[in-house]
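Position 1 is the first residue of the sequence, and the numbers go up from there. Scope of the values below: all heavy atoms of this structure, side chains included, with no hydrogens, waters or symmetry mates.
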Amino acid sequence: MVKKKRLRLIAEMARKIRAYRELKSRPRESQKYALDYETMRRPHTGKMLPVLAWQDVRRESRLFPLLAGMRMFGVGRLFTRKSWLEEHTEPSYWQITKVKVDYTSENMDHGKAWGVLTYKGKQESEVKEVDKAVYHDWRLVPKHMEQQFTDFEPLPEPPVRYVPYPPLLRAMLLAQHKKTTGSIVTKEPSLPLQRDVLLNKDYFRKQEQERERTEGTLV
């Protein structure tokens with residue numbers, strides 16, 4: 001007969017208390033990303049910012065100092081970044097839809113914000129959290145320029161170009177196709193030159209799902 005496990009109520013309560021204390025002692029974002037503008041060091045970690053970022057830190061602003069000085073914390077307004085303006089000719093911006101302010105921070109200049117991202121003229125369909133809000137390169141899009149940003153129409157995607165496979169790889173593909181199907185390939189295999197393909201986890205996951213859809217899963 002299996003011995004019934006006793007509930008250790010005191011030990012479980014002590015575990016919850018330790019987890020609660022760890023959560024309370026965790027530094028807030030206003031403490032973690034606080035910056036001494038004279039020494040360019042973060043007091044919490046003691047790390048110094050890169051020298052190349054000092055000019056932007058002194059001249060540009062973070063996202064939340066801009067939101068804190070606006071009506072409704074800037075919900076509905078457009079915000080862009082200096083790096084986007086310098087690197088891309090197409091408009092890139094965030095349209096803020098929701099703001100959660102850290103009221104314990106000084107001047108309420110920390111928190112989290114959500115919005116719809118338009119990057120290089122292409123608007124995403126879902127709302128997500130604004131990333132890199134602590135970077136010192138955020139700018140508010142003036143009201144008289146919002147129509148210019150939103151009316152931009154991106155150019156159509158260029159057609160995918162195809163090139164022939166290298167001779168050795170072509171021979172391997174033809175031999176594998178003949179071995180699996182028993183027939184000869186009538187169409188010459190070609191390699192697509194796809195642009196802007198990110199080799200991340202989502203890309204390989206989609207490739208695996210497509211392979212399973214065409215070949216089937218092993219039983």
Side-chain angles (χ1 to χ4, degrees), residues 33 47 49-53 55-57 60 62-63 77-98 112-141 145-219:
Y33 297 110
K47 293 183 178 180
L49 294 183
V51 178
L52 296 178
Q55 184 176 357
D56 285 342
V57 169
E60 304 295 332
R62 294 182 291 109
L63 176 62
R77 296 297 302 272
L78 307 184
F79 292 84
T80 185
R81 297 176 56 188
K82 175 189 173 184
S83 57
W84 290 345
L85 296 175
E86 294 177 348
E87 294 174 3
H88 312 304
T89 57
E90 304 90 345
S92 300
Y93 57 90
W94 282 91
Q95 184 173 16
I96 303 299
T97 59
K98 177 184 175 183
K112 294 183 179 181
W114 290 262
V116 179
L117 173 63
T118 300
Y119 185 69
K120 298 176 70 173
K122 299 178 182 178
Q123 183 178 353
E124 297 187 358
S125 58
E126 57 182 10
V127 177
K128 61 182 182 179
E129 184 178 351
V130 179
D131 59 344
K132 300 179 181 178
V134 297
Y135 281 32
H136 288 76
D137 67 341
W138 287 92
R139 295 182 179 181
L140 171 66
V141 178
M145 294 184 61
E146 288 186 354
Q147 195 72 19
Q148 179 182 351
F149 274 67
T150 55
D151 289 348
F152 178 83
E153 294 184 1
L155 296 176
E157 288 287 340
V160 180
R161 295 172 54 196
Y162 293 85
V163 296
Y165 277 95
L168 180 58
L169 185 56
R170 174 182 175 276
M172 293 172 61
L173 291 174
L174 295 178
Q176 183 180 4
H177 184 272
K178 185 176 181 180
K179 181 179 180 181
T180 54
T181 62
S183 60
I184 301 176
V185 178
T186 57
K187 184 179 179 181
E188 183 69 20
S190 58
L191 182 66
L193 298 179
Q194 295 183 357
R195 300 180 61 185
D196 299 333
V197 176
L198 298 177
L199 300 179
N200 51 17
K201 294 181 180 180
D202 295 334
Y203 172 78
F204 290 107
R205 188 181 298 112
K206 289 180 182 179
Q207 293 290 324
E208 184 67 20
Q209 292 175 356
E210 185 67 23
R211 187 187 63 80
E212 292 180 355
R213 189 181 300 111
T214 55
E215 299 180 3
T217 57
L218 297 177
V219 180

Straight-line distance of [X] [atom1] to [Y] [atom2], nearest 0.5 Å:
X      : Y      : atom1 : atom2 : answer
Lys98  : Glu129 : NZ    : CD    : 10.0 Å
Thr118 : Gln95  : OG1   : CD    : 7.5 Å
Met145 : Thr80  : CE    : OG1   : 9.5 Å
Leu78  : Gln148 : CG    : CD    : 11.5 Å
Ser83  : Arg139 : OG    : CZ    : 9.5 Å
Lys122 : Glu90  : NZ    : CD    : 8.5 Å

If you compare all heavy atoms of [X] against all heavy atoms of [Y], which two are closest, and at what distance to 0.1 Å?
X      : Y      : answer
Val127 : Trp114 : CG1-CB, 4.0 Å
Lys132 : Trp138 : O-NE1, 2.9 Å
Lys82  : Asp56  : NZ-OD1, 2.7 Å
Thr97  : Gly115 : OG1-CA, 3.5 Å
Ser190 : Tyr162 : OG-CD2, 3.5 Å

- prompt: By salt bridge (charged side-chain N to carboxylate O under 4.0 Å, His left out), which residues pair with Glu188, not counting sequence neighbours?
  reply: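 Arg170.
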
- prompt: Quick one: salt bridge (charged side-chain N to carboxylate O under 4.0 Å, His left out) partners of Lys128, sequence neighbours excluded?
  reply: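 Listed in chain order: Glu124.
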
message: Applying side-chain contact (heavy atoms from CB on, under 4.5 Å) to Ile96 and Arg77, what does each step give before you reach the verdict?
response: CA-CA 6 Å; Ile96 303 299; Arg77 296 297 302 272; 5.9 Å; no

- request: For atom CD of Glu153, decide whether the heavy atoms of other residues, nucleotides or ligands shown that lie under 6.0 angstrom number more than 12.
  value: no

- prompt: Around atom CD of Gln176, are there more than 12 heavy atoms of other residues, nucleotides or ligands at under 6.0 Å?
  reply: no

- prompt: Do the side chain of Trp94 and the main chain of Asp131 share a donor and acceptor less than 3.5 angstrom apart?
  reply: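 Answer holds: no.
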
- prompt: Can you check whether Lys120's main-chain N or O pairs, donor with acceptor, with Ser92's side chain at less than 3.5 Å?
  reply: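 Pair found, side chain donor or acceptor close to backbone of Lys120.
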
- request: Kindly write out the residues that satisfy ring pair (Phe, Tyr, Trp, His ring centres under 6.0 Å) with Phe149, not counting sequence neighbours, or none if the list is empty.
  value: Tyr93

message: Quick one, Tyr119 and His88 - any side-chain contact, counting heavy atoms below 4.5 Å?
response: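 Contact flag for Tyr119/His88 side chains = yes.
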
